[in-house]
Amino acid sequence: MLFGRFTFGARYKWFKNWVNSEAGQRLGLALIPDGPVNLRMLRRTLALEMAYRPGGVLASKIHLKHIAVASTEGYASRPGGAQAELLTEVNKHESDRNLQLILEEFQNYQQGILPAGPGARSLTEVFASIDEKLDPAAATAPKTQRSDHDVLNLLTKRAKVLHLGPANYCWFTDPSRALCLKLAGTPTADRPLVGMCDSARCPQATHHPCHRPVWAEHVERTGTFLGQLDTTRKTERTRLQTDYDRALRVVAEIDAANTINEEPA
Ligand code: SF4
């Protein structure tokens, strides 16, 4: 506790009377206005006053016994503190990572490794339209060899709606189509609920070769459980069987979307 245990009300009254008295005024102290004051308000004002002095954030952190400087910054409403910087940095890393991921998937697409899953068609259409824009034959100007920079520019918009699921990519373009939000009863939220993702059924989900190991492991694990399950446990068996079939289907779809070694028709 910052101020220890004492009767604040009475002491504050004495203090205020003294500051506002002739003795206080002779010392040039500012008059204390009427109105309620409690220890919480005092702690907050003290934090603000201290934090805005040179080196004050650290002083406040020590004085208020905060574990992290970020808490003091939040407490003192200090703008431009480490929290804001950290958030900006995190957002920057996130968008760079998304751009890199979508570039990899676009390059996969160009080599014939297509996306799978319920959102595959929509993503393939996006890739096809970008590929068309990059096609040297379609370009009107003779400067044809496009750099990664051009590709990234075209992919940026799509990268902004990418969210990572544990076993899928989520292209959150339309909240009203998000299965997780429908299930949660919050169809207008501005972010997907990845923790409630059902990527095998949501039209905004895609599966890629990088997700295959997760699904393959799931197939193996559920297969083992199924094999060990007592035949009397029908409900459990049905649930596991559905889970197993779904994972098996996702793996098969990811494999089928790899058209690299397909013979041309
Ligand atoms: S269910 Fe999954 S893929 Fe669909 S919007 Fe939610 S998080 Fe994204």
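When reading the values below, keep in mind they use all heavy atoms of this one structure, side chains included, and skip hydrogens, waters and symmetry mates. Remember, it's 1-based here, ligands and their atoms both numbered in the order they're listed.
Near-neighbour remark for atom 8 (Fe) of ligand 1: protein N, O or S atoms under 2.8 Å are C170 SG; waters not counted.
Salt-bridge formation is detected for the pair D198/R201: a Lys NZ or Arg NE/NH1/NH2 atom is positioned less than 4.0 Å from an Asp or Glu carboxylate oxygen. The existence of a salt bridge linking D96 and K92 is confirmed by a sub-4.0 Å separation between a basic side-chain nitrogen and an acidic carboxylate oxygen.
A donor-acceptor pair is defined here as one N or O able to donate and one able to accept, closer than 3.5 Å; such a pair exists between the side chain of W215 and the backbone of A167.
Of the heavy atoms in D198, only backbone atoms (N, CA, C, O) come closer than 4.0 Å to ligand 1.
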Given the rule in the side-chain contact (heavy atoms from CB on, under 4.5 Å) test, do H93 and N91 qualify, once you have shown the distances and angles that lead to the verdict?
CA-CA 5 Å; H93 281 300; N91 287 341; over 6 Å; no
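A side-chain N or O of W171 and one of T206 form a donor-acceptor pair less than 3.5 Å apart.
Put simply, the residue from Q204, H211, R246, H207 that forms a side chain to side chain donor-acceptor pair (under 3.5 Å) with S199 is H207.
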